[in-house]
Undergrad: 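Before we start, here is the structure in question, set down as structure tokens.
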Amino acid sequence: MLNYSNLIESSNSYNLISQDVASSRLSHAYLLLNSDKNYLIKFVETVCNLLLNKDNPELAEKNKLRIEKRIHPDIKFFGEEKTIDASTVGEIVETAQIAPFEANIKVFVLIDTQNMNETSQNKILKTIEEPPKNTYFFLLCSAKERMLPTILSRVKQIELNSPTTAQIAQMLQEGGVKKEVADIYASCADSNAEFAEKLATDENFLNLFNKVVSAFVNIKGSRDVIEYASYFSNKNIDKKEVVQIALMLSRDIQMVLLGASELVCLKSELPKLKLISASLTIGGANEIAATCIAAKKELFFNVNQTAVSDGLLFKIAEVKVKCKKFMG
């Protein structure tokens with residue numbers, strides 16, 4: 001498990017809540033936004049520890065452990081094992097009426113609130129709007145557009161700062177991942193540390209990464225596409241990962257072509273990036289990057305995934321041919 005502590009405690013989001021706590025202006029309900037679920041959970045655990053330890057700092061380590069193990073009687077987590085439904089909301093509303101057991105406050109953490117249906121959101125609305133004294137709610141969410149406007153209007157919204165590629169790579173290295181591959185995982189994770197950690201534990205990901213790099217190096221025309229199309233069409237290949245890797249490569253290629261190799265994310269692949277760049281113009285690299293971005297959108301809507309990856313491969317071939325003629 002990645003250690004998010006330094007990332008959290010140095011973030012603007014955490015400083016904002018810390019200021020609310022210090023000035024006794026804590027909102028009755030917060031909506032915390034980020035695509036990284038693990039980050040959201042670790043963030044709110046840190047905030048809960050801050051709240052508990054405001055008056056009793058000597059209990060910091062004990063409270064931290066109890067929060068992580070979900071055994072603190074006044075810090076309640078919901079939504080970790082199943083989606084929060086109407087019956088769960090009923091339990092939350094009922095439990096909220098009970099006074100804190102040992103602390104001065106009671107905190108309810110609702111995870112993946114974007115998955116709550118309209119009935120569940122409406123049912124908890126009044127409790128969030130007017131909670132009992134010293135009771136606070138933290139709603140963790142990855143897509144606020146799925147939340148009811150009435151909920152959004154009654155919470156303080158804070159979008160957590162996503163970690164940089166360098167920060168994620170550092171976190172992976174601290175967890176024992178070698179630097180050269182940590183850079184690859186972090187670069188391909190698109191600012192999502194949870195996804196980077198998943199990639200780092202996937203034995204097949206580096207093989208996939210190397211295959212996409214190989215496609216960029218070796219595809220020079222439509223005839224070269226067949227071998228790679230056959231490989232990427234395998235049902236066990238995650239097409240979203242293929243497109244994300246291709247997007248990272250195309251962005252780094254743009255940097256090389258612009259004479260800014262120091263800004264390349266995949267520094268361990270710089271020799272291959274320069275080799276690929278030699279067969280492209282900046283316009284060609286831009287065209288491939290645009291195709292990758294469009295492919296990401298298509299995959300989001302569950303279109304034919306093999307067709308998307310095939311289309312990307314043929315675009316690489318098409319661009320390579322056009323660039324060859326131009327550079328002629």
Undergrad: Spell out, as yes or no, whether a donor-acceptor pair under 3.5 Å connects the side chain of Asp252 to the backbone of Cys265.
TA: yes
Undergrad: With the 4.5 Å side-chain cut-off for hydrophobic clustering, are Phe216 and Leu258 part of the same group?
TA: yes
Undergrad: What's the shortest heavy-atom distance between Ala285 and Ser250, and which atoms?
TA: O-CB, 4.4 Å
Undergrad: After noting the C-alpha distance and the side-chain angles of Lys296 and Gln244, does the key distance pass the side-chain hydrogen bond (donor to acceptor under 3.5 Å, both in side chains) rule?
TA: CA-CA 8 Å; Lys296 283 188 70 172; Gln244 184 60 33; 3.0 Å; yes
Undergrad: Are Val109 and Val21 connected in the hydrophobic side-chain network, where two residues link if heavy atoms are under 4.5 Å apart?
TA: yes
Undergrad: Would you name the heavy atoms of Leu40 and Asn34 that are closest together and state the gap between them?
TA: CD1-O, 3.4 Å
Undergrad: What's the shortest heavy-atom distance between Pro73 and Lys76, and which atoms?
TA: O-CE, 3.1 Å
Undergrad: Is there a donor-acceptor pair closer than 3.5 Å between any side-chain N or O of Asn234 and the backbone N or O of Ser230?
TA: no
Undergrad: Excluding sequence neighbours, so at least two apart, what forms salt bridge (charged side-chain N to carboxylate O under 4.0 Å, His left out) with Lys62?
TA: none
Undergrad: Does Glu80 pair with Arg70 as a salt bridge, N-O distance under 4.0 Å?
TA: yes
Undergrad: Nearest heavy-atom pair of Ala189 and Phe195: which atoms, and what distance?
TA: CA-CD2, 3.6 Å
Undergrad: Is the shortest distance from a Lys or Arg side-chain nitrogen in Glu298 or Lys240 to a carboxylate oxygen in the other one below 4.0 Å?
TA: no
Undergrad: Is the shortest heavy-atom distance from the side chain of Ile67 to the side chain of Leu52 under 4.5 Å?
TA: yes
Undergrad: Is the shortest distance from a Lys or Arg side-chain nitrogen in Glu118 or Arg146 to a carboxylate oxygen in the other one below 4.0 Å?
TA: no
Undergrad: Taking Leu2 as the fixed residue, which of Leu7, Val177, Leu172 is the one that meets the side chain to side chain contact (heavy atoms under 4.5 Å, CB included) rule?
TA: Leu172
Undergrad: Here's a test for you: under side chain to side chain contact (heavy atoms under 4.5 Å, CB included), which of Leu199, Ile245, Asp202, Val213 qualifies with Leu208?
TA: Ile245
Undergrad: Looking only at side-chain N and O atoms, does Asp85 offer a donor or acceptor that is under 3.5 Å from a partner on Asn117?
TA: no
Undergrad: Before accepting this row, confirm whether a basic side-chain N of the pair Lys156/Asp20 lies closer than 4.0 Å to the acidic partner's carboxylate O.
TA: yes
Undergrad: Can you tell if the side chain of Asp112 reaches within under 4.5 Å of the side chain of Thr83, non-hydrogen atoms only?
TA: no
Undergrad: Parallel, tilted or perpendicular for Tyr39 and Phe43, by the 30°/60° rule?
TA: perpendicular
Undergrad: Measuring only between side-chain heavy atoms, which start at C-beta, is Lys324 closer than 4.5 Å to Lys320?
TA: no
Undergrad: Is it true that Glu194 and Lys198 make a salt bridge, defined as a side-chain N closer than 4.0 Å to a carboxylate O?
TA: no
Undergrad: Using a 6.0 Å distance limit plus a 45 degree cone around the ring axis, check whether Lys106 lies over the aromatic ring of Tyr136.
TA: no
Undergrad: Would you say that Lys239 contacts Val308 through its side chain, given a criterion of any heavy-atom pair below 4.5 Å between the two side chains?
TA: no
Undergrad: Glu129: what forms a side-chain contact (heavy atoms from CB on, under 4.5 Å) with it, not counting sequence neighbours?
TA: Arg154
Undergrad: Is Met116 isolated, or which residues cluster with it under the ILVMFWY side-chain rule of less than 4.5 Å, directly or via members?
TA: Leu31, Leu33, Phe78, Ile84, Val89, Ile92, Val93, Phe108, Leu110, Ile124, Leu125, Ile128, Phe137, Leu139, Met147, Leu148, Ile151, Leu152, Val155
Undergrad: Would you mind checking if Lys267 and Asp183 are paired as a salt bridge, meaning a charged N to carboxylate O distance below 4.0 Å?
TA: no
Undergrad: Measuring only between side-chain heavy atoms, which start at C-beta, is Lys274 closer than 4.5 Å to Ser261?
TA: yes
Undergrad: Cut-off 3.5 Å, side chains only: do Gln254 and Asn286 have a donor facing an acceptor?
TA: yes
Undergrad: Under 3.5 Å, side chain of Ser18 to main-chain N/O of Tyr14, donor-acceptor pair present?
TA: yes
Undergrad: Is there side-chain contact between Pro100 and Lys133, with heavy atoms separated by less than 4.5 Å?
TA: no
Undergrad: Is it true that Glu318 and Lys315 make a salt bridge, defined as a side-chain N closer than 4.0 Å to a carboxylate O?
TA: yes
Undergrad: Could you tell me if the side chain of Val44 sits less than 4.5 Å from the side chain of Leu32, heavy atoms only?
TA: yes
Undergrad: Specify the closest pair of heavy atoms between Gly284 and Cys323, including all atoms of both residues, with the distance to one decimal.
TA: CA-SG, 4.0 Å
Undergrad: Between Ser142 and Lys37, is there a side-chain heavy-atom distance shorter than 4.5 Å?
TA: no
Undergrad: Looking only at side-chain N and O atoms, does Tyr228 offer a donor or acceptor that is under 3.5 Å from a partner on Ser309?
TA: no
Undergrad: Which heavy atom in Ile168 sits nearest to a heavy atom in Ala196, and how many Å separate them?
TA: CG2-CB, 3.5 Å
